[in-house]
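Index from 1, following the sequence. Only a predicted model underlies this, so the values are computations on that prediction, with no experimental measurement involved.
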Amino acid sequence: MRIAVIGGGPGGLYFAYLWKKRHPEDQVDLFEQNPADATWGFGVVFSDQALEFLRADDPETVDAIAPHMESWENITLNLSGDSVAIDGVGFSSIGRLELLQFLQQRALDVGVTSRFDTQIQTIDQFNGHDLVVAADGLNSLVRRAYEGDFGTSLSYSSNKFVWYGTSKRFDTLSQTFVKTDRGAFNAHHYRYSPTMSTFLVECDHATWQAYGFAYKDAEQSKGVCEEVFADTLGGHCLVSNKSVWRNFPWVWNEHWSFKNMVLLGDALHSAHFSIGSGTRLAIEDAIALVKALESDAHLSTALHRYQAARKPVVQKLVNAARTSAFWYEHFAQHMQLGLMDFAYSYITRSGRIDDSRLRAMSPAFMARYEAEKNGGDAAGEATA
């Protein structure tokens with residue numbers, strides 16, 4: 001079989017590597033519009049659960065990546081000068097470029113033919129391929145060419161966000177919420193190397209307008225964010241890499257394949273950055289697609305099997321991501337809560353965690369939360 005993979009992000013590279021490794025007789029051609037050493041963004045993060053999922057199918061890759069990752073066990077929330085740790089929420093992170101270079105080398109080692117810095121002008125270029133895997137991101141050429149056939153829908157979150165890096169090293173994945181005289185900001189920040197951290201800044205549309213960001217250039221916007229988060233950055237600067245204000249795009253496709261073309265990763269679906277699952281979903285899509293293709297010799301049946309097996313799983317996670325994003329669209333209102341109530345609202349925002357699970361997952365946090373919540377009653381009983 002001759003396969004074309006469009007897009008050299010984690011999902012496309014991982015599918016190309018995995019298929020070629022397991023089917024060395026097949027021709028796998030990967031096409032990426034950017035140079036091999038170029039990437040947008042800074043670090044990517046995986047939950048411990050996501051890494052274990054990957055390890056079950058490909059322990060060799062996880063064992064090779066793990067020594068290059070930064071890891072921690074807590075989430076830290078910072079609100080109005082106070083902070084609280086939510087224990088038992090393990091994550092690991094790695095620089096996006098470092099991850100891509102690792103996967104590029106892995107694909108090269110098994111014989112994938114990679115063509116970087118290559119612009120795709122038309123889908124007709126792939127008429128000679130048996131299968132076209134569209135892993136070409138949010139602006140997928142394949143998906144846009146056949147939106148009606150894929151059943152594509154596209155909408156946007158109301159909040160604005162901009163993605164930076166910084167040389168400030170943070171101990172855990174952290175959220176810092178800051179109120180100013182013109183509105184509220186939130187920063188998602190975590191280290192992804194010994195010397196660098198991701199620093200994503202978010203605000204609602206009203207705050208974005210109040211600061212006049214629409215009329216500020218990239219350097220001016222960065223300066224405002226450095227001022228707002230001066231205490232958090234502790235004298236360190238923000239670093240730009242195509243860092244512009246955007247609204248988060250919600251991409252969904254009812255049909256995951258058309259003819260001999262199939263979607264995966266952000267080309268297929270998007271999940272809000274607040275649950276940190278974009279790269280995870282793309283890699284899991286690649287694994288699911290490989291399994292489906294191996295399960296049936298008939299391409300059309302295999303592609304339908306991929307959708308049938310994977311779609312319910314993705315739908316559940318995307319629904320949780322939408323609920324999480326809705327919480328962030330109203331984070332300024334949640335900031336009026338006390339620290340512990342705010343933290344409880346945050347950790348339960350997606351609807352996937354109830355009190356029972358939280359006690360098991362984060363016993364130290366839950367003990368503190370329940371002690372404060374029941375403090376009045378306890379004090380009354382002691383006095384009696």
Side-chain angles (χ1 to χ4, degrees), residues 1-30 44 46-65 99 102-104 106-107 109-112 114 126 129-137 140 142-143 150-151 251-271 277-318:
M1 184 159 62
R2 190 178 179 202
I3 300 175
V5 180
I6 308 176
L13 280 167
Y14 192 71
F15 172 83
Y17 153 71
L18 201 58
W19 187 265
K20 184 64 176 177
K21 178 185 178 184
R22 295 165 73 151
H23 303 274
E25 72 282 0
D26 288 352
Q27 174 67 32
V28 181
D29 303 310
L30 184 140
V44 295
F46 296 88
S47 69
D48 286 351
Q49 183 181 7
L51 284 178
E52 286 310 305
F53 181 94
L54 178 57
R55 185 185 297 277
D57 282 278
D58 188 5
E60 181 184 345
T61 294
V62 175
D63 290 341
I65 295 176
L99 175 62
F102 176 87
L103 293 175
Q104 287 168 11
R106 227 154 175 76
D109 290 345
V110 296
V112 172
S114 297
F126 306 106
H129 289 83
D130 301 298
L131 174 66
V132 177
V133 178
D136 47 344
S140 170
V142 174
R143 189 195 67 234
F150 286 118
V251 174
W252 183 254
N253 292 272
E254 281 301 312
H255 311 295
W256 290 23
S257 62
F258 175 62
K259 295 182 178 179
N260 69 330
M261 297 169 285
V262 62
L263 306 175
L264 67 76
D266 285 347
L268 175 59
H269 47 63
S270 58
S277 293
T279 301
R280 166 198 172 179
L281 281 175
I283 290 176
E284 289 179 359
D285 286 349
I287 293 171
L289 180 56
V290 167
K291 288 180 177 180
L293 290 169
E294 290 178 338
S295 70
D296 201 302
H298 193 278
L299 182 61
S300 178
T301 306
L303 295 181
H304 280 97
R305 189 185 297 270
Y306 162 60
Q307 175 175 324
R310 182 80 179 130
K311 189 175 182 180
V313 178
V314 174
Q315 182 73 72
K316 184 177 180 179
L317 200 147
V318 168

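Taking the side chain as every heavy atom from C-beta outward, Phe15 and Val262 never approach each other to under 4.5 Å. Looking only at side-chain heavy atoms (C-beta outward), Tyr306 and Asp285 come within less than 4.5 Å of each other. With contacts defined as side-chain heavy-atom distances shorter than 4.5 Å, the pair Phe102/Thr61 qualifies. A heavy-atom distance below 4.5 Å is found between the side chains of Leu268 and Trp256. The shortest distance between side-chain heavy atoms of Phe46 and Leu54 does not fall below 4.5 Å. Inter-residue side-chain proximity for Lys311 and Glu254 is flagged as met; some heavy-atom pair is nearer than 4.5 Å. Looking only at side-chain heavy atoms (C-beta outward), Val110 and Val28 stay at 4.5 Å or farther from each other. Using a 4.5 Å heavy-atom cutoff, the side chains of Leu131 and Leu293 are in contact.
Pairs engaging residues 258-268 under the side-chain hydrogen bond (donor to acceptor under 3.5 Å, both in side chains) rule: none recorded [sequence neighbours left out]. Residue pairs meeting the salt bridge (charged side-chain N to carboxylate O under 4.0 Å, His left out) criterion with at least one partner in residues 10-19, sequence neighbours excluded, are absent.
What you find for Leu303 and Ser257 is that their closest heavy atoms are CB-OG, 3.6 Å. Residues Gly8 and Leu13 come closest through the heavy atom pair O-CD1, 3.2 Å. Of all the heavy atoms in Ala134 and Ser140, the pair that sits closest is CB-OG, 4.2 Å. Annotation for Trp19 and Val290: closest pair CZ3-O, 3.8 Å, computed over non-hydrogen atoms. Considering every non-hydrogen atom in both Leu264 and Gly12, the closest pair reads CD1-N, 4.2 Å. Scanning both residues, Met261 and Phe150, for their nearest heavy atoms gives O-CE2, 4.3 Å.
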Query - Leu317 and His269: CA distance, side-chain angles, deciding distance, side chain to side chain contact (heavy atoms under 4.5 Å, CB included) verdict - result: CA-CA 11 Å; Leu317 200 147; His269 47 63; over 6 Å; no
Requested in this report: Quick one: do Asp136 and Arg143 satisfy salt bridge (charged side-chain N to carboxylate O under 4.0 Å, His left out)? Show the steps, please.
Outcome: CA-CA 9 Å; Asp136 47 344; Arg143 189 195 67 234; over 6 Å; no
Query - Val314/Gln307 under side chain to side chain contact (heavy atoms under 4.5 Å, CB included): CA gap, chis, key distance, verdict - result: CA-CA 10 Å; Val314 174; Gln307 175 175 324; over 6 Å; no
**Report entry** Derivation and outcome, side chain to side chain contact (heavy atoms under 4.5 Å, CB included), residues Tyr17 and Val5
**Finding:** CA-CA 11 Å; Tyr17 153 71; Val5 180; over 6 Å; no
Report task. Using the side chain to side chain contact (heavy atoms under 4.5 Å, CB included) rule, take Leu299 and Asp130 through it: C-alpha gap first, then chi angles, then the decisive distance, then the call. Result -> CA-CA 9 Å; Leu299 182 61; Asp130 301 298; 5.6 Å; no
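Summarising the local packing, NE2 of His23 is surrounded by more than 12 heavy atoms from other residues, nucleotides or ligands at distances under 6.0 Å.
A salt bridge links Arg55 with Glu52: at least one charged nitrogen is closer than 4.0 Å to a carboxylate oxygen.
With sequence neighbours excluded, the residues forming a side-chain contact (heavy atoms from CB on, under 4.5 Å) with Asp296 are His298, Thr301, Ala302, Arg305, listed by chain and number. Taking the salt bridge (charged side-chain N to carboxylate O under 4.0 Å, His left out) definition, one finds that Glu60 meets it with Lys21, Arg106, sequence neighbours left out. Applying the side-chain hydrogen bond (donor to acceptor under 3.5 Å, both in side chains) test to Asp48 and every residue at least two apart in sequence or in another chain returns nothing. With sequence neighbours excluded, no residue forms a side-chain hydrogen bond (donor to acceptor under 3.5 Å, both in side chains) with Ser114.
Rounded to the nearest 0.5 angstrom, Gln27 CD and Lys20 NZ are separated by 6.0 Å. Rounding to the nearest 0.5 angstrom, the gap separating the CG atom in Leu30 from the CG atom in Leu103 is 10.5 Å.
No donor-acceptor pair closer than 3.5 Å links the side chain of Asp29 to the backbone N or O of Ala4.
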